[in-house]
2 protein chains.
Amino acid sequence: MATATIRDVAQKAGVGVGTVSRVLNDNVSVSQETRRKVLAAISELDFSPNLAARRLSSGKTMVIGALVPYFTNPSVVRRLQGIVSVVTNSVYDLILFDVELVERRDEYLLNVLRRQMVDGLLIISLTPTDTDVQHIQQAELPTVLVDANHPALSRVVVDNVFGGYQATKHLLDLGHRHIAYISDYLDDPFNSPVRDRFKGYRQALAETGLEFIPEYHQQGPHGRYEARAMTTNLLNQPTPPTAIFAYSDTQAIGVIEAALDLGIKIPEDLSVIGFDNIEAAEYLHITTIRQALYESGVSGCELLLQVMANPMPEPQEILLPIELVQRNTTAPPIH
Amino acid sequence: MATATIRDVAQKAGVGVGTVSRVLNDNVSVSQETRRKVLAAISELDFSPNLAARRLSSGKTMVIGALVPYFTNPSVVRRLQGIVSVVTNSVYDLILFDVELVERRDEYLLNVLRRQMVDGLLIISLTPTDTDVQHIQQAELPTVLVDANHPALSRVVVDNVFGGYQATKHLLDLGHRHIAYISDYLDDPFNSPVRDRFKGYRQALAETGLEFIPEYHQQGPHGRYEARAMTTNLLNQPTPPTAIFAYSDTQAIGVIEAALDLGIKIPEDLSVIGFDNIEAAEYLHITTIRQALYESGVSGCELLLQVMANPMPEPQEILLPIELVQRNTTAPPIH
DNA sequence: TGACCAATTGGAACCGGTTCCATCTTAGCT
DNA sequence: AGCTAAGATGGAACCGGTTCCAATTGGTCA
């Protein structure tokens with residue numbers, strides 16, 4: 001069956017197309033009787049308005065976009081789950097843009113902006129440049145950052161400096177004095193948390209009067225295997241660290257595996273603390289800094305819906321709490 | 001800036017709108033010189049074609065839909081990651097429909113079909129009813145099932161009966177004779193794997209001359225906590241099982257936690273085998289049946305793209321292999 | 001040289017909604 | 001009774017692309 005159009009409905013109901021449109025969009029003035037007739041015609045023809053046409057004429061897409069980096073990253077997935085839970089209960093649909101290659105990030109953003117693909121945009125764990133922000137503002141697209149920061153955009157963030165500080169402080173409090181940090185590349189322009197946590201790490205060290213030892217900071221691509229390699233580097237040094245702060249739980253798992261390989265006991269010989277509190281951290285009893293991943297998605301999406309409904313003059317910031325979760329991978333050093 | 005339209009481009013380039021459209025869609029006959037002029041005008045005006053308009057006039061949405069149940073389920077996430085990896089490298093965008101409530105499943109499907117929201121549809125882990133299939137065929141929407149089965153639709157599947165058989169056989173081969181199965185509700189019409197694996201379980205038992213003991217089958221909502229409760233039920237029986245086959249790794253984790261609570265040692269006192277081989281199974285060294293989750297998403301999406309490009313008269317079936325992964329949660333029974 | 005054909009191009013019609021404006025009722029008020 | 005205002009309705013114009021048809025141009029061949 002060729003799908004019915006609004007004109008078919010109008011004809012069948014004996015009214016004009018404008019009236020049918022009014023019935024479809026409720027709220028406007030249509031008499032009871034007319035509405036009844038139109039609804040009857042609609043159900044008789046099994047009519048459902050064509051989305052593309054509706055979008056073109058109304059200028060609204062009824063779609064929210066989510067720009068995510070590395071959809072394979074468990075913390076990103078968790079945030080997305082929060083987003084999905086909110087979108088599912090709204091009138092919007094969700095379109096997913098996965099940025100696997102940082103070089104293609106721009107392309108995506110511009111594409112989304114210029115083609116009016118979405119009514120609102122969530123950017124996850126990708127710090128936008130000033131140029132990006134300019135583009136966004138020019139396009140007047142409601143946008144919310146989740147786990148990324150920019151003064152000109154609304155955002156849901158966590159105090160990563162404090163998180164890095166807290167993780168390091170925990171190790172210091174246990175008595176460790178040789179504390180390493182393994183992380184993603186510090187100079188990744190789109191990853192600001194990696195720098196913030198590093199800052200917190202150094203603050204805690206400085207506060208205790210410890211010097212920062214460059215050899216104790218290893219950086220590389222994100223991932224379990226990469227973390228494993230970095231850990232081996234660390235543990236083969238003349239004075240190996242007695243504790244390792246990993247930028248993410250995923251990396252902490254790599255650290256643990258490397259230690260296992262080398263016959264180094266955790267937490268007796270080596271303390272490990274991660275970050276994020278992904279599910280696997282719970283299974284493996286990894287001490288970590290919990291951040292509200294799922295909730296960040298929920299809040300981010302709720303904030304976006306608000307901004308879309310009535311644009312706010314000032315960008316909003318929602319700060320989510322973090323918390324040390326002590327489990328079984330940290331303990332005082334032996335000597 | 002009000003975004004430029006194709007007519008603005010036409011005017012600036014001194015050509016007709018048809019010509020601009022031809023340039024945009026390549027392949028048709030446009031002279032070198034004209035093409036150059038048009039492209040110049042396009043870049044000068046920073047023009048990008050409006051998607052809604054393109055969709056309306058061409059009838060193509062350039063969007064693929066993915067209908068998934070419980071986006072929080074790790075195996076579903078893994079499949080989706082496979083899908084995303086393929087979609088990202090295609091010209092299509094991905095729209096995600098998360099069905100949290102089974103009752104709303106129909107609503108989603110009909111909505112997607114009738115409003116021509118997508119050019120192709122992937123249905124993950126949701127077995128469609130005959131009525132659903134009728135609707136899909138009526139709408140002539142290219143559709144591929146992933147981890148779900150229906151003879152009239154193309155699909156990517158795994159032999160779940162064999163999987164259940166293999167898991168149970170592994171336990172039998174180790175010498176177990178009291179083997180329980182914990183699973184989702186068997187009568188969930190949209191979850192056929194749960195029944196298939198159960199069938200395999202019973203086949204293996206029967207083949208060994210063992211009777212099926214109803215008390216050894218526990219069913220309930222999917223989840224770690226629910227699995228924990230079911231395990232406690234099992235282990236408190238007069239003759240508790242010496243081995244448990246869990247429908248999913250997530251449930252196997254619940255089983256392990258319950259055993260830990262009760263001071264029951266794994267694998268010495270209790271063997272546990274899961275299904276799926278999600279990442280956590282690797283971390284926790286759970287013996288399981290590996291199915292190619294990520295690959296199922298990849299193949300499913302590739303198959304869909306094929307079907308969309310040139311519709312096939314016959315529905316295709318791709319059967320992915322499964323494999324026993326022996327780790328540390330299964331061993332021979334003590335007595 | 002004239003007929004014919006292919007390549008190129010312009011632009012109207014169309015996709016199926018929304019929206020605005022003009023028109024027509026009808027009730028309310030003096 | 002006459003006038004006004006509010007409510008209901010029809011339908012043209014519009015959103016911004018694609019596509020088809022007709023027209024123009026230039027080249028080829030007999």
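Letters A, B, ... mirror the listed sequences (proteins, then strands); counts begin at 1. Heavy-atom basis, side chains included; hydrogens, waters and symmetry copies ignored.
Taking atom CZ on A:Phe47 and atom C1' on C:dG16, their separation rounds to 8 Å, with Å as the unit. Protein atom NZ of A:Lys37 is 12 Å distant from nucleotide atom C1' of D:dG10, rounded to whole Å. As rounded to whole Å, 21 Å separates atom P of C:dG17 from atom CZ of B:Arg54. Rounded to whole Å, the distance from NZ on B:Lys60 to P on D:dG16 is 23 Å. Computed from coordinates, the A:Leu24 CG to C:dT19 C1' distance equals 14 Å when rounded to whole Å. Note: CD (A:Glu33) to C1' (D:dA8) measures 13 Å, nearest angstrom. The interatomic distance linking B:Asn25 (CG) with D:dG16 (P) rounds to 17 Å, in whole Å.
Nearer to the 5' terminus of DNA chain C, by closest-nucleotide assignment, is the contact made by B:Thr34 (compared with the other of B:Thr34 and A:Ile6).
By the 4.5 Å heavy-atom criterion applied to side chains, A:Leu303 and A:Val307 are counted as neighbours. Between B:His150 and B:Leu145, some side-chain heavy-atom pair lies under the 4.5 Å cut-off.
The salt bridge (Lys or Arg N to Asp or Glu O under 4.0 Å) check on B:Asp132 picks up B:Arg105, with sequence neighbours excluded. Remark: B:Pro221 pairs with B:Tyr185, B:Glu226 by the side chain to side chain contact (heavy atoms under 4.5 Å, CB included) rule, at least two apart or across chains. In this structure B:Arg78 satisfies the salt bridge (Lys or Arg N to Asp or Glu O under 4.0 Å) test with no other residue, sequence neighbours excluded. Residues meeting the side chain to side chain donor-acceptor pair (under 3.5 Å) test with B:Thr72, sequence neighbours left out: none. With sequence neighbours excluded, the residues that form a side chain to side chain donor-acceptor pair (under 3.5 Å) with A:Thr127 are A:Ser192. Every salt bridge (Lys or Arg N to Asp or Glu O under 4.0 Å) that A:Glu44 has, sequence neighbours left out, goes to A:Lys12. Applying the side chain to side chain contact (heavy atoms under 4.5 Å, CB included) rule to A:Ser48 yields the partners B:Arg114, B:Arg115; only residues at least two apart in sequence or on another chain are considered. In terms of the salt bridge (Lys or Arg N to Asp or Glu O under 4.0 Å) criterion, residue partners of B:Glu107 (sequence neighbours excluded) are, by chain and number, B:Arg104.
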Show the distances under 3.5 angstrom between N or O atoms of the protein and N or O atoms of nucleotides 26-28 of chain C.
none

Mind listing the N/O atom pairs, protein and nucleotides 11-15 of chain D, below 3.5 Å?
{"unit_1": "D:dG11", "atom_1": "O6", "unit_2": "A:Arg22", "atom_2": "NH2", "d": "3.1"}

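Residue pairs satisfying the side chain to side chain donor-acceptor pair (under 3.5 Å) criterion with at least one member in residues 50-60 of chain B, sequence neighbours excluded, are absent.
End-to-end axis angle of the helix from C:dT1-D:dA30 to C:dT30-D:dA1, from C1' rotation axes over five pairs per end: 40° (rounded to 10 degrees).
The side chain of A:Arg55 contributes no N or O atom lying less than 4.0 Å from OP1 or OP2 of C:dG17.
Nucleic acid contact class of B:Ser31 (heavy atoms, under 4.0 Å, all strands): sugar-phosphate only. If you check every strand for non-hydrogen atoms under 4.0 Å, B:Val20 touches nothing.
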